[in-house]
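Working notes for the structure below.
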Amino acid sequence: MKTLAPKKTAVKTYAMLVDGKLVQAEGGALRDITDPASGELLARVPESGRADAKKAVAAARRAFDSGPWRKTTAQDRGRLLFKVAEGIRARAKSLAELEVRNMGKPLAEAEYDAADAAACFEFYGGLATKVHGETMSVPANSMSFVLREPVGVCGQIIPWNYPLLMAAWKLAPALAAGCTVVLKPSELTPLTALELCPILLEAGFPDGVVNVVTGPGAGVGEELAESPLVDKVAFTGGTVTGRRIAQAATGNLKKVTLELGGKNPNIVFADADFEAAVDGALFAAFANQGEVCSAGSRLLVEKKVHKELVAAMLKKAPRIKLGHGLTPGVKMGPLVSSAHRDKVEGYIKVGKEEGAKLVLGGGRPKGAEFDKGWFVEPTIFDHVKPSMRVAREEIFGPVLSVIPFADEAEAVRLANDTEYGLAAGVWTTNVTKGVRVLRELRAGITWLNTYHPTFNEMPWGGYKQSGYGRELGLYGIQAYLETKQVNINLDEAPLGWY
Ligand code: NAD
């Protein structure tokens with residue numbers, strides 16, 4: 001019988017976008033990008049350093065200060081963003097598949113992300129023409145109004161958990177506002193951002209307006225945060241890195257927005273719709289392998305239903321099929337990297353040592369299909385004490401900590417007992433109580449009887465150490481605009497002060 005030799009596909013070498021050209025890093029260094037589910041080599045990407053970041057920043061500076069970009073109208077910028085959205089929609093299938101291969105998430109989630117990324121460009125394409133200032137009632141011999149102007153050159157640094165979507169959240173509002181940008185994707189997951197480069201070129205942005213530079217935080221990221229030529233840095237990532245970036249930005253007092261981590265409470269009251277709460281608790285914790293800043297990683301459960309709810313979750317959890325994100329039916333992929341799996345497994349060990357009760361998972365799934373990937377089973381710790389590290393620190397993986405509570409006041413106290421303040425959920429059929437509790441929660445994104453849905457049209461960001469500033473919605477574009485007061489004298493006579 002004739003056997004077919006395995007199909008050999010050449011490994012693609014990507015280029016990044018600097019000053020309107022697709023280029024390699026200075027010195028030609030490349031980084032291998034592998035599939036976290038299989039270890040397969042997917043692509044090679046430019047491994048830039050400070051020199052490359054400096055070139056991109058200089059190009060963005062030139063494009064802002066002296067290029068044609070400043071003369072574009074809001075309509076022009078809106079049209080460019082619509083073209084980017086069209087480009088993403090036309091390639092949505094391949095972008096989603098590439099996201100799965102690079103990052104590990106299940107295909108259905110990546111398809112959702114690609115559609116949402118296009119919608120984000122559409123939202124800000126439309127919003128570009130709706131930026132208005134105010135006019136003020138002032139004395140009759142003068143006129144005063146407000147102009148909104150782009151902040152300038154923006155360094156944008158994004159993480160690995162939503163690579164394409166985070167690129168859209170950063171680029172779309174900044175470009176709509178008329179800024180120029182240098183985007184740095186995570187060194188682990190640069191592929192979909194690099195696939196955006198030809199889409200951005202096709203759309204027709206003037207040279208230097210939008211630049212994408214790949215490479216590590218040390219060097220490229222640091223340069224964006226430190227450079228005196230950058231007017232604003234927008235960062236999404238861990239709180240420790242966020243703190244460093246805020247410090248680095250003080251050199252020229254650049255504007256900073258930070259979208260950081262979370263240890264988000266998901267509160268289930270005894271009067272919740274039971275089945276909905278079970279589904280909601282699992283989805284909140286395990287979507288995207290739990291690698292979600294807003295994951296409901298602390299499940300606070302009213303004591304009256306605690307045992308029953310945990311039992312129902314354990315019954316349903318085996319339906320979470322693990323595997324390669326492109327395999328039909330898979331609901332949980334691998335973690336993004338070997339180092340990240342080490343970190344998550346480290347926390348599982350800590351949870352056991354601290355005396356939390358491991359009731360689900362805790363190990364690696366068995367079977368040949370998992371051998372070469374960074375898989376961890378969905379894991380639940382029950383009877384977690386609020387002082388334990390697994391209740392306080394962001395694990396950023398499929399590890400859920402269940403904490404029982406006695407009454408509403410205790411639920412609110414436990415929920416707010418964290419240095420973070422990104423997201424929170426509440427489950428109850430008593431809507432009055434639900435809204436009352438939501439108002440008590442110190443978090444920027446909240447849900448009643450649902451978890452995770454969020455909209456490009458609504459603000460995203462955290463209280464406390466989950467960051468500052470807001471992305472998305474009308475708020476998102478504000479972060480890329482300066483506000484100028486304009487006063488006009490309508491009196492032709494001299495002032496006569498002296
Ligand atoms: P990370 O902080 O390690 O890295 C994020 C980005 O910063 C990467 O591009 C990295 O290369 C870069 N970087 C690292 N050190 C840097 C430095 N000193 N200077 C400049 N840039 C530097 O985060 P991660 O591991 O990629 O992502 C996970 C974290 O992101 C989690 O804490 C998660 O909660 C957070 N996150 C937050 C949101 C949000 O909207 N709040 C969304 C997604 C992820």
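In listed order, ligands and their atoms are each counted from 1.
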Would you call [X] and [Y] a side-chain contact if the rule is heavy atoms closer than 4.5 Å?
X	Y	value
Cys154	Thr180	no
Val412	Glu440	yes
Leu309	Leu299	yes
Leu165	Glu99	no
Tyr420	Cys293	no

Atoms in ligand 1 flagged as close to [X], the criterion being non-hydrogen separation under 4.0 Å:
X	value
Thr236	5 (C), 36 (N), 37 (C), 38 (C), 39 (C), 40 (O), 42 (C), 43 (C), 44 (C)
Thr241	1 (P), 2 (O), 3 (O), 13 (N), 14 (C), 15 (N), 16 (C), 17 (C), 22 (C)
Glu259	37 (C), 38 (C), 39 (C), 40 (O), 41 (N)
Ile157	6 (C), 7 (O), 9 (O), 12 (C), 20 (C), 21 (N)
Gly261	32 (O), 34 (O)
Trp460	39 (C), 40 (O)
Gly238	1 (P), 2 (O), 23 (O), 29 (C), 30 (O), 32 (O)
Gly221	19 (N), 20 (C), 21 (N)

(message) Less than 4.0 angstrom from a charged side-chain N to a carboxylate O is my criterion; do Arg392 and Asp417 meet it?
(response) yes
For [atom], what is the nearest protein heavy atom, given as residue, atom name and distance?
atom	result
atom 33 (C) of ligand 1	Phe396 CE1, 3.2 Å
atom 42 (C) of ligand 1	Cys293 SG, 3.0 Å
atom 27 (O) of ligand 1	Pro159 CB, 3.3 Å
atom 35 (C) of ligand 1	Gly237 O, 3.2 Å
atom 41 (N) of ligand 1	Leu260 O, 2.7 Å
atom 24 (P) of ligand 1	Trp160 NE1, 3.4 Å

(message) I want to check a possible cation-pi pair here: Lys12 against Tyr14, using under 6.0 Å from ring centre and within 45° of the ring axis as the test.
(response) yes
(message) Ring of Tyr480, cation from Lys170 - is the NZ or CZ under 6.0 Å from the centre and inside 45° of the axis?
(response) no
At under 4.0 Å between heavy atoms, which part of [X] makes contact with ligand 1: side chain, backbone, both or neither?
X	result
Glu187	side chain
Leu422	side chain
Phe235	side chain
Asn161	side chain
Ala225	neither
Ser466	neither

(message) With a cutoff of 4.0 Å, is Pro185 in contact with ligand 1, counting heavy atoms of the residue only?
(response) yes
[Y] versus [X], side-chain donor and acceptor atoms under 3.5 Å:
X	Y	result
Asn161	Asn288	no
Thr257	Lys232	yes
Arg148	Gln478	yes
Lys184	Ser48	no

(message) If you scan the protein for heavy atoms around atom 11 (O) of ligand 1, do you find one that is closer than 4.0 Å?
(response) yes
When only distance counts, is [X] in polar contact with ligand 1, meaning an N/O pair under 3.5 Å?
X	value
Gly217	yes
Glu394	yes
Ile158	yes

(request) State the CG-CZ distance between Leu80 and Phe121, to the nearest 0.5 angstrom. (result) 11.0 Å
(request) Compute the ring centroids of Trp427 and Trp447, then answer whether they are less than 6.0 Å apart. (result) no
(request) Grab the two heavy atoms, one from Leu98 and one from Glu195, that are nearest each other, plus how far apart they are. (result) CD2-CG, 3.4 Å
